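Encoded as structure tokens, the structure appears first; notes follow it.
When a ligand or atom number is given, it counts from 1 through the structure's own listing order. Counting begins at 1 with the first residue of the sequence. The structure presented is a predicted model; accordingly, all values stated were derived computationally and were not measured.
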Amino acid sequence: MAIHYIDELTEELKDKVVIARFDFNVPLSKSDRSKITDTTRIDMALETIQYLLDNGVKKLILMSHLGRPKGQVNEDYSLEPVASYLADKLREDVLLTESCLDRGIKTLLGLNESRVILLQNLRFHPEEEAGAPEFARALASYADIYVNDAFGVAHRKHASAYIINAYFKKNAYGGFLMKREIEALLKITNKPKSPFVAIVGGAKVSDKIKIIERLIVNVDHLIIGGAMAYPFLAAQGHEVGESLCSEADIALAKRILMSSSKSKVILPIDHIVSSEFGGAPEVCEKVEIPEGKMGLDIGPKTIDLYNQKLAGSATVLWNGPMGLFENEDFANGTMAIAKTLSRMESAFTLVGGGDSVSAVQKAGLASKMSHVSTGGGASLEFIEEGSLPGIQALKFGLDLN
Ligand code: AMP
């Protein structure tokens with residue numbers, strides 16, 4: 001069974017009330033909570049919103065969460081800045097409700113003014129994250145059709161993104177962002193074109209162990225970078241100095257290195273090190289890191305090695321930075337990988353996971369990738385599991401009994 005997407009709907013939308021879940025979880029300025037510091041997530045939703053409006057819906061009810069207000073009303077997490085930004089972009093009124101359960105909402109639906117209604121932050125209600133059926137049913141009662149374009153929360157069994165499907169049966173559709181994300185991730189999980197290379201970086205092996213174990217079966221090379229590389233090097237008996245490297249991570253790395261796919265694992269052969277976290281950078285030309293030094297980025301020979309392994313590949317997945325990239329002195333490895341991928345025009349390149357996404361954005365190279373996934377946790381879990389609860393519910397419906 002396939003997901004139904006909104007592009008199957010045209011005439012059917014006319015005069016209907018549609019309720020649509022988005023991920024408007026944008027960062028707000030700490031000093032001025034009315035300022036959105038990065039509008040990407042809202043911009044990504046505009047295509048779906050505009051499509052629904054252009055096809056003549058009677059009312060469009062938008063839903064999202066913002067931050068972690070933990071089930072309580074907290075003005076710091078109000079969707080007010082999102083409502084203003086949307087009104088500006090759509091060039092029409094966007095009415096923000098006081099809560100998702102306002103008595104006035106049903107009345108609003110009968111009035112002629114304001115086609116677009118934004119429900120206040122879903123997570124002001126504890127029932128949202130708890131996946132409470134009564135809450136989902138109340139949301140569903142506002143509308144004829146449900147649209148889910150919130151890929152970023154598709155791994156959660158929350159009321160508005162998962163449970164709500166139980167109340168729409170045949171009237172639940174995926175939005176355009178959901179479609180793009182799923183189609184891109186399927187190219188990684190479903191018979192990826194070979195040669196297939198995965199680059200996994202970041203802080204801890206334990207955070208990425210599931211994805212590594214899943215990927216290692218299908219990849220031709222599994223390139224490991226970032227602090228995650230040191231437990232692997234330590235597991236092979238190398239000196240890692242003061243680098244981040246826990247015993248638990250060494251044990252996990254040993255497990256991978258004992259598998260029949262161990263020859264696929266590609267590790268750093270030199271490093272950029274420092275005596276302290278974020279201190280002066282030095283090149284360490286060998287695999288062994290001297291006592292008192294910590295590895296904070298991959299070295300130039302490693303960059304060359306990784307580029308050789310990437311050359312000619314047809315599919316590349318990248319998750320996690322190659323070093324302490326927030327500090328310019330240790331950003332070279334991460335930026336080099338971003339540049340290499342940006343030049344691989346004939347390959348399918350997918351960047352998923354928060355930090356590597358911000359690295360390609362910082363490098364101004366996001367548009368050169370085949371796909372940059374917006375949902376960090378969701379895209380990782382999709383690769384690990386092959387699908388997500390929110391997607392399964394859209395596909396097959398949901399029966400709560
Ligand atoms: P993750 O969220 O697991 O992808 O980890 C990303 C974080 O790992 C970033 O904040 C990086 O600065 C950090 N990181 C990557 N490499 C290193 C390293 N060699 N030493 C310390 N931190 C690192």
Side-chain angles (χ1 to χ4, degrees), residues 27 152 155 198-215 222-235 238-246 248-250 252-253 256 266-290 292-303 305-306 316-338 341 350-363 372-384:
H155 57 320
I199 311 161
V200 183
K204 286 197 247 146
V205 182
S206 53
D207 289 344
K208 309 270 166 90
I209 185 70
K210 268 172 103 185
I211 192 160
I212 290 176
E213 289 187 321
R214 163 88 206 216
L215 287 169
L222 178 69
I223 292 177
I224 309 257
M228 270 187 47
Y230 309 118
F232 280 90
L233 292 175
H238 295 294
E239 297 296 336
V240 296
E242 303 303 309
S243 309
L244 273 186
C245 187
S246 72
D249 274 5
I250 296 175
L252 291 174
I256 305 280
I266 313 291
L267 296 168
I269 50 173
D270 64 348
H271 319 270
I272 307 295
V273 300
S274 183
S275 314
E276 54 184 331
F277 206 70
E282 289 168 50
V283 180
C284 165
E285 290 184 6
K286 297 181 301 186
V287 179
E288 312 297 325
I289 297 180
K293 303 282 180 188
M294 58 175 73
L296 292 173
D297 194 7
I298 54 174
K301 286 194 282 187
T302 305
I303 294 176
L305 171 71
Y306 290 4
V316 182
L317 166 70
W318 180 23
N319 171 277
M322 296 291 99
L324 184 71
F325 80 108
E326 296 90 339
N327 180 329
E328 264 187 29
D329 288 337
F330 305 103
N332 210 23
T334 304
M335 291 304 156
I337 294 291
L341 298 200
L350 190 149
V351 184
D355 278 322
S356 24
V357 172
S358 46
V360 292
Q361 279 165 346
K362 211 163 133 191
V372 177
S373 180
T374 52
S379 54
L380 280 192
E381 224 173 291
F382 189 102
I383 296 165
E384 286 162 12

Donor-acceptor contact below 3.5 Å, side chain Asp297 vs main chain Leu324: no

Within reach of ligand 1, part of Phe330 (heavy-atom separation under 4.0 Å): neither

side-chain contact (heavy atoms from CB on, under 4.5 Å) evaluation trace for Phe382 with His155: CA-CA 8 Å; Phe382 189 102; His155 57 320; over 6 Å; no

Sub-4.0 Å atoms of ligand 1 with respect to non-hydrogen atoms of Gly226: 16 (N), 19 (N)

Nearest heavy atoms of Asp355 and Pro321, plus distance in Å: CB-CD, 3.6 Å

Nearest protein heavy atom with distance in Å, relative to atom 7 (C) of ligand 1: Asp355 OD2, 3.8 Å

Lys208 to ligand 1, any heavy atom closer than 4.0 Å: yes

Nearest candidate to atom 22 (N) of ligand 1, where distance is taken over non-hydrogen atoms, out of Leu324, Asn327, Asp207, Ile272: Leu324

Closest non-hydrogen atom pair between Gly333 and Ile298, with its separation: CA-CG1, 3.6 Å

For Gly295, atoms of ligand 1 separated by under 4.0 Å from a heavy atom: 18 (C), 19 (N), 20 (N)

Proximity of Glu326 to ligand 1 by residue part, where a heavy atom lies under 4.0 Å: side chain

Heavy atom of the protein closest to atom 5 (O) of ligand 1 (residue, atom name, distance): Ala203 N, 3.1 Å

Top protein contact for atom 23 (C) of ligand 1, by heavy-atom distance: Ala227 CB, 4.0 Å

side-chain hydrogen bond (donor to acceptor under 3.5 Å, both in side chains) partners of Ser274, counting only residues at least two apart: none

Whether over 12 other heavy atoms sit under 6.0 Å from Lys362 NZ: yes

Minimum-distance protein heavy atom relative to atom 13 (C) of ligand 1: Gly323 O, 4.3 Å

Proximity to ligand 1 by part of Leu296, non-hydrogen separation under 4.0 Å: both

Met294 and ligand 1 - part of the residue with a heavy-atom distance under 4.0 Å: neither

Tyr230: numbered ligand 1 atoms lying under 4.0 Å from its heavy atoms: 19 (N)

Distance-only N or O hit between ligand 1 and Gly320, under 3.5 Å: no

Contact summary for Gly352 and Ser379, nearest pair of heavy atoms: CA-OG, 4.2 Å

Ligand 1 N/O within reach of Met322 N/O, cut-off under 3.5 Å: no

More than 12 heavy atoms from other groups under 6.0 Å of CD on Glu285: no

Sub-4.0 Å atoms of ligand 1 with respect to non-hydrogen atoms of Phe277: 21 (C)

Asp270 CG: over 12 foreign heavy atoms closer than 6.0 Å: yes

Closest non-hydrogen atom pair, Thr334 against Trp318: O-CH2, 3.5 Å

